[in-house]
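Have a look at the structure below before the remarks.
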There are 2 protein chains.
Amino acid sequence: MGPPMELRFPTRDELRLVDVLHALSDPVRLQMVRSLDRADGALACVELLLPVSKSTGSHHFKVLREAGVVYCREKGTRRYYTLRRDDLDARFPGLIDAVLLADANAS
Amino acid sequence: MGPPMELRFPTRDELRLVDVLHALSDPVRLQMVRSLDRADGALACVELLLPVSKSTGSHHFKVLREAGVVYCREKGTRRYYTLRRDDLDARFPGLIDAVLLADANAS
DNA sequence: CGGAATGTTCGACCAAGATCGAACGTTGCA
DNA sequence: TGCAACGTTCGATCTTGGTCGAACATTCCG
């Protein structure tokens, strides 16, 4: 597939509030985060069943990844994503929980 | 000045997570929210000392207002803004506090 | 009344962003 | 080896958004 495993993502210390907030401020990306949060483990892209095209999905994954909201691991043709919940909470205490709660209450 | 006091803003129930997150995901608007939070009472626009032009400031106030992040009250030539902290917390428990905390820790 | 202060709107500009289909590269399996 | 599956990138499109200066409307005070 694309480039090596050197997908860009910020370390915990590099997480920027504005980037994270922006990444979360899109309905599709919020849905992605919700699905990842509810999953028992990592989810492959296809498992997320996004309501947009494959390429748009890719774009959204990139935003989430580069904002530091998710991690990605490649295995074969698949990429497995996990929510960086621990990192996010360590860096911005309570934020991701509040977002997920607010999101759940809206559903 | 502009139109009557019927500035548009959502009621507590109408607050939308994505809109609030988006409103908060800009550095200037985050600064505005920070200033309002730290103030003892309402602040007039000029008191916020924004690092952008007056018109851009107006634009930002509008975004915050329409997302439901702030209230606005007119008095004379001035408009006084307050953070809708209670509403935000009631609707999205913990969110605004987490954002403000994260913001403070970044400073 | 004139001028200053205040804040908004408008128009323009440029950038960013969400979206899509096509093309592509990689993996895995029959 | 060929094909399917997977996910990315590219280019295009359209929308949204941040920015600015100018023009404007309102308020207030000397």
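Only a predicted model underlies this, so the values are computations on that prediction, with no experimental measurement involved. Just so we're on the same page: letters track the sequence lines, and every chain starts at 1.
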Round to the nearest Å and state the distance from His22(A) atom NE2 to dA16(C) atom P.
11 Å

Judged by each residue's nearest nucleotide on DNA chain C, which is more toward the 5′ side, Asp26(A) or Lys75(A)?
Asp26(A)

What nucleic acid atoms does Tyr81(B) come within less than 4.0 Å of, heavy atoms only: base, sugar-phosphate, or nothing?
sugar-phosphate

For residues 57-64 of chain B, which residues have at least one heavy atom under 4.0 Å from DNA chain D?
His59(B), His60(B)

Whole angstrom is fine here: how far is it from CD in Glu74(A) over to P in dG25(C)?
16 Å

Salt-bridge present (Asp97(B), Arg85(B); N to O < 4.0 Å)
yes

Indicate whether OP1 or OP2 belonging to dC20(C) is found under 4.0 Å from a side-chain N or O atom of Ser53(A).
yes

Is NZ or CZ of Arg84(A) both nearer than 6.0 Å to the six-membered ring centre of Tyr71(A) and within 45° of the ring axis?
yes

Partner of Leu21(A) under side chain to side chain contact (heavy atoms under 4.5 Å, CB included), chosen from Leu17(A), Asp19(A), Val18(A)
Leu17(A)

Does OP1 or OP2 of dG7(D) have a side-chain N or O of Arg79(A) closer than 4.0 Å?
no

Look at the side-chain N and O atoms of Arg78(A) and state whether any lies under 4.0 Å from the OP1 or OP2 oxygen of dG28(C).
no

Can Arg73(B) and Tyr81(B) be counted as having a side-chain donor-acceptor contact under 3.5 angstrom?
no

Looking only at N and O atoms, is any donor in the side chain of Ser55(B) or the base of dG21(D) less than 3.5 Å from an acceptor on the other one?
yes

Side-chain heavy-atom pair Val20(B), Val69(B) within 4.5 angstrom cut-off
yes

At a heavy-atom distance below 4.0 Å, what parts of residues 42-52 of chain B sit against DNA chain D?
Val52(B)

What's the shortest heavy-atom distance between Leu24(B) and Val33(B), and which atoms?
CD2-CG2, 3.8 Å

Restricting to non-hydrogen atoms, name the atom on Ala23(B) and the atom on Ala67(B) that form the minimum distance, rounded to 0.1 Å.
CB-CB, 3.7 Å

d(CG, Leu21(A); C1', dG17(D)) in whole Å
17 Å

With respect to the phosphate group of dT8(C), does any side-chain polar atom (N or O) of Arg65(B) fall under 4.0 Å of OP1 or OP2?
yes

Could you tell me how far apart Arg29(B) (CZ) and dG17(D) (P) are, to the nearest whole angstrom?
8 Å

Looking at Arg16(A), Arg29(A), Arg8(A), which one forms a salt bridge (Lys or Arg N to Asp or Glu O under 4.0 Å) with Glu66(A)?
Arg8(A)

Side chains of Ser53(A) and Thr56(A): do they bring a donor and an acceptor to under 3.5 Å?
yes

So, is Thr56(B) close to the dC20(D) phosphate, meaning a side-chain N or O under 4.0 Å from OP1 or OP2?
yes

Quick one: Tyr80(A) OH to dT27(C) P, roughly how many Å, whole number?
14 Å

note: Lys54(A), atom NZ; dG21(C), atom P; distance rounded to Å ~ 11 Å

